[in-house]
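Chain identifiers are assigned alphabetically (A, B, ...) following the order of the sequence lines, protein sequences preceding nucleic acid strands; residue numbering begins at 1 within each chain. None of the values given here were measured: they were computed from a predicted structure.
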Amino acid sequence: MADHILVAVAWPYSNADIHVGNLTGSYLPADIFARYHRLKGNNVLMVSGSDAHGTPITVKADAEGVPAEQVYQRYHARFIELFQKLGLNYDLFTSTHTENHAKVSQAIFLALKENGYLYTEEQKQWYSESLKKFLPDRYIEGTCYICGYDNARGDQCDNCGNVLDSSQLINPRAKADGSTPELRATTHYFIDLGKLEPQVVKFLESRKSYWRPNVVTRSLGWIRTQGLRGRPITRDLDWGIPVPVEGWEDKRLYVWFEAVIGYLSAAIEWAGISGDKEAWHSWWTEASARSYYFIGKDNIDFHAILWPAELAGIGETFANIFEGKSGKSLNLPYDVPANEFLNMEDRKISGSRNWGVWGLDFLERYDPDPLRYYLTVNMPETSDANWDWDDFVRRNNNELVATWGNLANRVLSFAYRNWDGKVPWPGELRVADETLIKTVDAGFDSVGKLLEGVKLRAALGEAIRLAGEVNKYLDEQAPWSAIKTDKAGAATTIFVALNAIDSLKILFAPVLPHTSQLLHETFGYSEPLFGEQYTETKKDNLGAHTVLRYRTGAATGSWAPSNLQARTKLQEPKPLYRKLEPEIAEEERKRLGNLREAE
RNA sequence: GGCGAGGUAGCUCAGUGGUAGAGCAGGGGACUCAUAAGCCCUUGGUCGAGAGUUCGAAUCUCUCCCUCGCCA
């Protein structure tokens, strides 16, 4: 029976381009996992979108003198371009700046309020008389009260690195006009996390046995040592989702509170545009559905604690408010396989210093599958990993090209040349043939189990190992010698090797979809392994937003061993991957740290 | 300072009680279908330090050192 798998992917903040660290942290593992489940025949719903709200975006917009919406739209378009080029198959990649998302977020707010999990409290916040508005911490500068640095930001000091309490800044001034702000009282809604703590702890304990230790121990440790405290969920801003309470028109929902709701609102939006408004329930209210949240470690608190707290707090009330009828409560996360960070040449990736490799930039010079390969084989699943250009070239040449690409190429070209462009007719299988087929077929189980457990690195390693087994088999059988004296025997060997490669193509497909597709076509199949991506523009009363979508179409890829038939016509084989010159490592390193042209 | 993660071969990392592993790099060999790829053999580690539990510890406990992250 097919399972319902919700693949919930981190929402990129739409004020900067996506770099390889972001990709390996969440977007790529999500796609690999989703592709595997699609091949398995499960019902996958992979959703995400641009995080359009919040002060980083308004700060950037103010600096450029353009509306916040323009900044978000620009990066949103670039995200979609990258995801198409890299083949990240979102069922829906949308945005938080939609009417639907606002409605869902407001319903969650109201459900929490009705269930008694919200309260209001007065805070002191900087207010600018000249600008006539409250200023978020990022809009304040002043002298750091820890190190005395003159140009500390309101939320953090760039000199000593400490996180600051903006109300303690010495000589505060408004970034916008240099005026001196004053602390003024302002009232905000808070989510009563203290009250929800027992439910969150119970949730975490129930997941403890199979979650990654760094996610669950860290979360439980956090709660054990400091306990959960109320946290504000509204702000004095004008860019964002209005607070659905009379008299609160000039405040907005805090972006941390509303962005995580996107996993739900995007599923609801997807159902709406797919023609079955109720379809999202299969992933959200059916107890047998499983949800996996692919995020970087900086987001663990939001997904392992705060989002579950929101979900626990709304209970069944959400259905009453949002759908106007009674319904079931929403599923809590099944797993949160958060990744650690990827460093760049031993240093932290930094956008402002241009120390990193940006996805779109990379794809101007290299193909998508080598990037997917390197980021997977080097994925920071258990600890921080490091992007090293020499290592990238080595792994591309020694593993991807030599072990796998060359295997496919040597066997296909041998078959193509000696058997008239067709899969040769095998004789009776010998012990070695049976053994190899059995070994490769077992990969559907072993690689599958690893993918299912979100051990993507190990899964890829296992697939590479199996490719090595085929290389060994070929060496033992030496069909290039056998063909001179025993063409029938050589035909059997080549048939078996082709069969193995046809299977390996599927085992590699979640990680290397583009080249697996190429191989698939070389083997003469006409239907594609996967469906296709496309974009659409949707309009609502907040304006227009482009969405990235996915349709299965004619795809027939399936997680099962090859059923290759003798005499199948092959396409002329071409190398799957390019060898890279070692010199490119040095060239690429030179690009690091240079300031880019503003996009 | 608190919490968390990590410290295993030159490099990147697997390995949670039972004779130290993989890939790459280094050395040697046979082969030649293939993107000078693949295959076979091989050098190399007191598993951060010390103590303890155990018949047995990289693996469990304690103390300490180092790196990273979060928080204060």
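Pairing for C24(B) goes to G10(B), judged as Watson-Crick or G-U wobble with the two contacts each under 3.5 Å. For G1(B), the paired nucleotide is C71(B), the pair qualifying as Watson-Crick or G-U wobble because both relevant distances are below 3.5 Å. Across all strands shown, C47(B) forms no Watson-Crick or G-U wobble pair with both distances under 3.5 Å. The pairing partner recorded for G52(B) is C60(B), the criterion being a Watson-Crick or G-U wobble arrangement whose two distances lie under 3.5 angstrom. Of the nucleotides present, none pairs with A37(B) by Watson-Crick or G-U wobble criteria with both distances under 3.5 Å. When both distances must be under 3.5 Å, the Watson-Crick or G-U wobble mate of C31(B) does not exist.
Within the 4.0 angstrom heavy-atom criterion, no nucleotide atom of any strand lies near Lys484(A).
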Heavy-atom contacts, protein to nucleotides 34-43 of chain B, under 4.0 Å, summarised as B (base), S (sugar-phosphate only) or - (none) per nt, yield BB-SBSS---
Readout for nucleotides 2-8 of chain B: B = base within 4.0 Å of protein heavy atom, S = sugar-phosphate only, - = neither; 5' to 3' it is -SSS---
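For His303(A) and C70(B), the NE2 to P distance is 17 Å, given to the nearest whole Å. Asp298(A) has its CG atom 18 Å from the P atom of C68(B), to the nearest Å. In this structure, the CG atom of Leu474(A) is 22 Å from the P atom of A30(B), given to the nearest Å. Between the CD1 atom of Ile300(A) and the P atom of C71(B) there is a distance of 12 Å, given to the nearest Å. Straight-line distance from the CG atom of Asn386(A) to the P atom of U67(B): 18 Å, rounded to whole Å. Rounded to an integer number of Å, the gap from CZ of Arg394(A) to P of C13(B) is 12 Å. Rounded to whole Å, the distance from CG on Asp384(A) to P on U12(B) is 13 Å. Regarding Asp388(A), its CG atom lies at a distance of 17 Å from the P atom of G10(B), rounded to whole Å.
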Hey, can you pull the donor-acceptor pairs under 3.5 Å for the side chains in residues 476-490 of chain A, sequence neighbours left out?
from: Thr485(A); atom 1: OG1; to: Ala482(A); atom 2: O; distance (Å): 3.4
from: Asp486(A); atom 1: OD1; to: Gly489(A); atom 2: N; distance (Å): 3.0
from: Lys487(A); atom 1: NZ; to: Asn418(A); atom 2: O; distance (Å): 3.0

Using distance only, find each side-chain donor-acceptor pair of residues 565-574 of chain A under 3.5 Å and give its atom names and separation, not counting sequence neighbours.
from: Gln565(A); atom 1: NE2; to: Asn563(A); atom 2: O; distance (Å): 3.0
from: Gln565(A); atom 1: NE2; to: Asn563(A); atom 2: OD1; distance (Å): 3.3
from: Thr568(A); atom 1: OG1; to: Gln565(A); atom 2: O; distance (Å): 2.5

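Pairs engaging residues 434-447 of chain A under the salt bridge (Lys or Arg N to Asp or Glu O under 4.0 Å) rule: Asp445(A)-Lys449(A) [sequence neighbours left out]. Residue pairs meeting the ring-ring contact (aromatic ring centres under 6.0 Å, His included) criterion with at least one partner in residues 202-225 of chain A, sequence neighbours excluded, are Phe203(A)-Trp211(A), Tyr210(A)-Tyr334(A). Legend: side-chain hydrogen bond (donor to acceptor under 3.5 Å, both in side chains) pairs involving residues 291-306 of chain A, not counting sequence neighbours, sorted by first then second residue: Arg218(A)-Asp301(A), Tyr263(A)-His303(A), Arg290(A)-Tyr292(A), Tyr293(A)-Trp307(A), Lys297(A)-Glu340(A), Lys297(A)-Asp384(A).
As rounded to the nearest Å, A51(B) and A14(B) have P atoms that lie 28 Å from one another. Atom name C1', nucleotides U12(B) and G29(B): the rounded distance is 28 Å, in whole Å. Between the P atoms of G28(B) and U43(B), the separation comes to 14 Å (whole Å). For the C1' atoms, the distance from U19(B) to G45(B) is 16 Å, rounded to whole Å. Across C40(B) and C24(B), the matching P atoms stand 11 Å from one another, rounded to whole Å. Distance check on atom C1': A36(B) versus A20(B) gives 35 Å, rounded to whole Å. Of the C1' atoms belonging to G21(B) and U16(B), the separation is 15 Å, rounded to the nearest Å. For A49(B) and C11(B), the P atoms lie 16 Å apart once the distance is rounded to whole Å.
Every residue meeting the ring pair (Phe, Tyr, Trp, His ring centres under 6.0 Å) condition with His37(A), not counting sequence neighbours, appears here in chain and number order: Phe33(A). Tyr525(A) is linked by a ring pair (Phe, Tyr, Trp, His ring centres under 6.0 Å) to His520(A), counting only residues two or more places apart in sequence or in another chain.
Between Phe392(A) and Trp389(A), the ring planes are perpendicular. Angles over 60° get that label, and only those under 30° would be called parallel. A tilted orientation is assigned to the rings of Trp256(A) and Tyr254(A), their planes being inclined by 30° to 60°.
Sequence order on RNA chain B of the closest nucleotides to Asp301(A) and Ala478(A) puts Ala478(A) first from the 5' end. Taking the nucleotide of RNA chain B with the nearest heavy atom to each of Ser481(A) and Asn378(A), the more 5' of the two is matched to Asn378(A).
Looking only at atom types and distance, the side chain of Asn339(A) has a donor-acceptor partner in the side chain of Arg212(A) under 3.5 Å away. Residues Arg430(A) and Thr493(A) have side chains that bring a donor and an acceptor to within less than 3.5 angstrom of each other.
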